[in-house]
2 protein chains.
Amino acid sequence: MSRTPAGTGRAARVPTTPPTLADVAERAGVSRQTVSNAVNNPDLLRADTLARVLRAIDDLGYSPNRAARNLRTRASHLIGMRISPAQEGTANATMDRFVHSLVETSREAGYHVLLFAGDADDPLTGYDDLLRSTAVDAFVVTDTYLGNPQAAWLEERRAPFVAFGRPWDNPAAEHPWVDVDGAAGTDLATSYLLDRGHQRIAWIGWRKDSWIGEDRRSGWSRALHARGLPTTGLASRVEDTVSSGAEASAVLLDEAHPTAFVCASDTLAMGVLRTLGDRGLVPGRDISVIGFDDSQVAQVVWPGLSSVRQPLEDAAVEIVTALEGLLAHPPTVGPGVMLTPTLALRGTS
Amino acid sequence: MSRTPAGTGRAARVPTTPPTLADVAERAGVSRQTVSNAVNNPDLLRADTLARVLRAIDDLGYSPNRAARNLRTRASHLIGMRISPAQEGTANATMDRFVHSLVETSREAGYHVLLFAGDADDPLTGYDDLLRSTAVDAFVVTDTYLGNPQAAWLEERRAPFVAFGRPWDNPAAEHPWVDVDGAAGTDLATSYLLDRGHQRIAWIGWRKDSWIGEDRRSGWSRALHARGLPTTGLASRVEDTVSSGAEASAVLLDEAHPTAFVCASDTLAMGVLRTLGDRGLVPGRDISVIGFDDSQVAQVVWPGLSSVRQPLEDAAVEIVTALEGLLAHPPTVGPGVMLTPTLALRGTS
DNA sequence: TGCTCACCTTGGAACGATCAAGACGATCCC
DNA sequence: GGGATCGTCTTGATCGTTCCAAGGTGAGCA
């Protein structure tokens, strides 16, 4: 069979136009509106009519044109989420898990997730355009680690959004948010170690300007203080890199002689493991280590890094629930939701 | 100030309708079409008119309504991509990096990425609906590891899509695809080890039903054969888990006495590292190990796992280029694109 | 038979953009 | 000077859906 010249094309090659409401209506012998009702308000139709229409829909493989529906209803059923570049050299893989949970949960609620990127320096890139062109119904704002300019900006424009991360710098913020209680997580980890007899538990966390870091740190100190134990000299605040964790743990081992480490991240915990290895200390037997985030690294490394695991699946569910409330008529905005992490125990503790 | 009762609301609370083309037209004293041209075909306007219209657009903060534009132009400027659940307990973090690259590159081409989920058992979930409702212009199909039913299905429906992964089971497939040459990667890794004097290099890969696994394996055997070295007894095919890698490497060490390992994944390589640790062997000094994918695990583990790194950023660029060709008028579909991975060298080699 | 009522169904008008074609000077050329 | 051409802008129709208000139909009742 010879190829027909470009331009004319075979009939089958012509991109056949998808069926429309009118096509279905004609086939079912009813009007457009009846088909629309069959799709959106089936209760309004007599049973046999409904069946006939559904049959026609099925026969033709009809699915409502999203653009037309969006235009009429002023809703896109799309949720925008900005993603920032993955950081190389760290164990931060929470986004992967969270994004997937969000996509999954959104689907059940009839929404899709639209990703967009932005410049690292300007946290507002992308939001503005998507908002004004009514491309998305709402946003999920995730990167709230250093204050939250997006939240203030979106709130000002009355754009519907839910933050994953509490409004650290503005406790009076009125937007819905969902967060994981980092302090509860480190408290859990620290208390677990205390229960196993540890008395000197060190902390390696992030620099003081990180709200999340300070929150996680507070769980560690809270747990120690609750048992009347001191924290002095047992804490270190460094960059979130493996080598920083290694150096900090070396110093702490020399100066404070801890028997266990709780870390603000798995990245830092990996640094601790490196130092232990260098000194011939066996993690889990000689020194216990617990990280944070339950990354793939924690799951794969030998002998398994114990870690605080964020309930990202639950977070996604809560976020979608909040979004649904926000987009309902009238909108309902509930209070912030705080979730408690769990402990994934492995060989290092 | 007392709150006005619900329903009436203050003026500021009323969700103000975004400006439309007509608003801009009125403000600029021109017709709708002229505004449309100012946005889409600026060359058609006289300079002063253009300036006046742009001014009005800026004043009003106008941005074309996506739904309306989509309806008229029959295009959504959205690219659909299905994501499958992240696998726990493995080091497969390539998706994270790829998705980000894709989002970034798409943006430059004027596209956004829409994520959707599907059941693990039915690889077609989601595609159908998005396609029929014309919600996306095209798809990026990623999970082509076991044949590729989506590709055949989409091709049959003449849906525009680009596959990340070559059409293993159908070399005659006519759809555009982009892939990374796994064999070249493992060849690179093996040859590197050979250059460093290794003679007995073992392979730990996946079960035989994995096209990708066999491809990667062929690079290893190719490199050995090129130097006249045998492969017999040096290969093992197992599940993609850490413990499988550990067991396989233990057996290989006992029976074949290799001095180096090349693995089909970082997960398997982590298993090798565990076995080496158990036996008091130092990776990089006593035995070299090279993994595949350059996951976060490889970057974070001590002493750094050498790994074959896929050029995912380049892949995203190629994919978007192919998509643009596919969506152009008339569509142009180029040949498949094969990219060569690089070697990320670290402590284990 | 005539009336009401409930229940479906119907045609027309948005939604906000682009497409196709037309209007209107000004310019050009023979 | 008249007709064709060009550049610039305007007008009316259209994309496919949902909203709106009115129209039909049959059952139930007096």
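Within every chain, numbering begins at 1; the chains are lettered A, B, ... in the order of the sequence lines, protein sequences first and strands thereafter.
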Atom pair [atom1] ([X]) and [atom2] ([Y]), whose distance is rounded to the nearest 0.5 Å:
X       : Y        : atom1 : atom2 : answer
B:Leu45 : B:Asn37  : CG    : CG    : 5.5 Å
A:Met81 : A:Leu130 : CE    : CG    : 13.5 Å
A:Asp96 : B:Ile83  : CG    : CD1   : 8.0 Å

Short side-chain N/O contact to [N] OP1/OP2 from [X], under 4.0 Å:
X       : N      : answer
B:Ser31 : D:dC9  : no
A:Ser36 : D:dT18 : yes
B:Thr34 : D:dT10 : yes

Look for any protein N or O under 3.5 Å of an N or O in nucleotides 13-16 of chain C and output each such pair with its distance, or none.
{"unit_1": "C:dA14", "atom_1": "N3", "unit_2": "A:Arg72", "atom_2": "NE", "d": "3.1"}
{"unit_1": "C:dC15", "atom_1": "O3'", "unit_2": "A:Arg74", "atom_2": "NH2", "d": "3.1"}
{"unit_1": "C:dG16", "atom_1": "OP1", "unit_2": "A:Arg74", "atom_2": "NH1", "d": "3.1"}
{"unit_1": "C:dG16", "atom_1": "OP1", "unit_2": "A:Arg74", "atom_2": "NH2", "d": "2.7"}

Which of residues 41-49 of chain A have a heavy atom under 4.0 Å from DNA chain D?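 Heavy-atom contacts with DNA chain D come from no residue of residues 41-49 of chain A; none.
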### Query
Between residues 127-136 of chain A and DNA chain D, which residues have a heavy-atom gap below 4.0 Å?
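Those residues: none at all.
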Practice item. Select base, sugar-phosphate, or nothing to describe what A:Asn40 touches, counting heavy atoms under 4.0 Å on all strands. Key: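 Counting heavy atoms under 4.0 Å across all strands, the contact made by A:Asn40 is with sugar-phosphate only.
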Interatomic distance, [X] [atom1] vs [N] [atom2] [rounded to whole Å]:
X       : N      : atom1 : atom2 : answer
B:Ile57 : C:dA17 : CD1   : P     : 10 Å
A:His77 : D:dT18 : NE2   : P     : 10 Å
A:Arg66 : D:dC15 : CZ    : P     : 21 Å
A:Asn70 : D:dT17 : CG    : P     : 12 Å
B:Arg52 : D:dT8  : CZ    : P     : 14 Å

- Item | Heavy-atom donor-acceptor pair, B:Asn41 side chain to B:Leu44 backbone, under 3.5 Å |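 Side chain of B:Asn41 to backbone of B:Leu44, a donor-acceptor pair under 3.5 Å: no, none is there.
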Donor-acceptor pair, side chain of A:Ser36 and main chain of A:Arg32, under 3.5 angstrom: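 No, the answer is negative, given that no donor and acceptor are paired below the 3.5 Å cut-off.
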Test salt bridge (charged side-chain N to carboxylate O under 4.0 Å, His left out) applied to [X] - qualifying residues, sequence neighbours left out:
X        : answer
A:Arg46  : A:Asp48
B:Asp23  : none
B:Asp59  : B:Arg27, B:Arg55
B:Arg166 : B:Asp179, B:Asp215

### Task
List in chain and number order the residues that pass side chain to side chain donor-acceptor pair (under 3.5 Å) with B:Ser63, two or more places apart in sequence or in another chain; answer none if no residue qualifies.
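Residues passing side chain to side chain donor-acceptor pair (under 3.5 Å) with B:Ser63: A:Asp129.
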Query raised in the report: Should A:Asp137 and A:Ile79 count as side-chain neighbours, where that means a heavy-atom distance under 4.5 Å?
Result: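 No - every pair of side-chain heavy atoms lies 4.5 Å or more apart.
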Is any side-chain heavy atom of B:Val99 less than 4.5 Å from a side-chain heavy atom of B:Val113?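 In short, these two side chains do not touch, never coming nearer than 4.5 Å.
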For the helix from C:dT1-D:dA30 to C:dC30-D:dG1, what angle separates the axis at the start from the axis at the finish, each from five pairs, in steps of 10°?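 Computed from the C1' atoms at both ends, the axes differ by 60°.
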Output side-chain donor-acceptor pairs under 3.5 Å for residues 102-110 of chain A, partner residues at least two apart or in another chain, one line each.
{"unit_1": "A:Glu104", "atom_1": "OE2", "unit_2": "A:Arg107", "atom_2": "NH2", "d": "3.1"}
{"unit_1": "A:Thr105", "atom_1": "OG1", "unit_2": "A:Ser101", "atom_2": "O", "d": "2.6"}
{"unit_1": "A:Ser106", "atom_1": "OG", "unit_2": "A:Leu102", "atom_2": "O", "d": "2.5"}

Each nucleotide of nucleotides 20-27 of chain C classed B (base within 4.0 Å of a protein heavy atom), S (only sugar-phosphate) or -, in 5' to 3' order, makes B-------
ask   = With under 30° as parallel and over 60° as perpendicular, where do the rings of A:His175 and A:Phe161 fit, or are they tilted in between?
value =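 Answer is tilted, since the angle falls between 30° and 60°.
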Can you label the angle between the B:Trp153 ring and the B:Tyr127 ring as parallel, tilted or perpendicular, going by 30° and 60°?
->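 It falls in the tilted class, 30° to 60°.
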Which pairs with one or both residues in residues 30-63 of chain B pass ring pair (Phe, Tyr, Trp, His ring centres under 6.0 Å), sequence neighbours excluded?
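For residues 30-63 of chain B: none.
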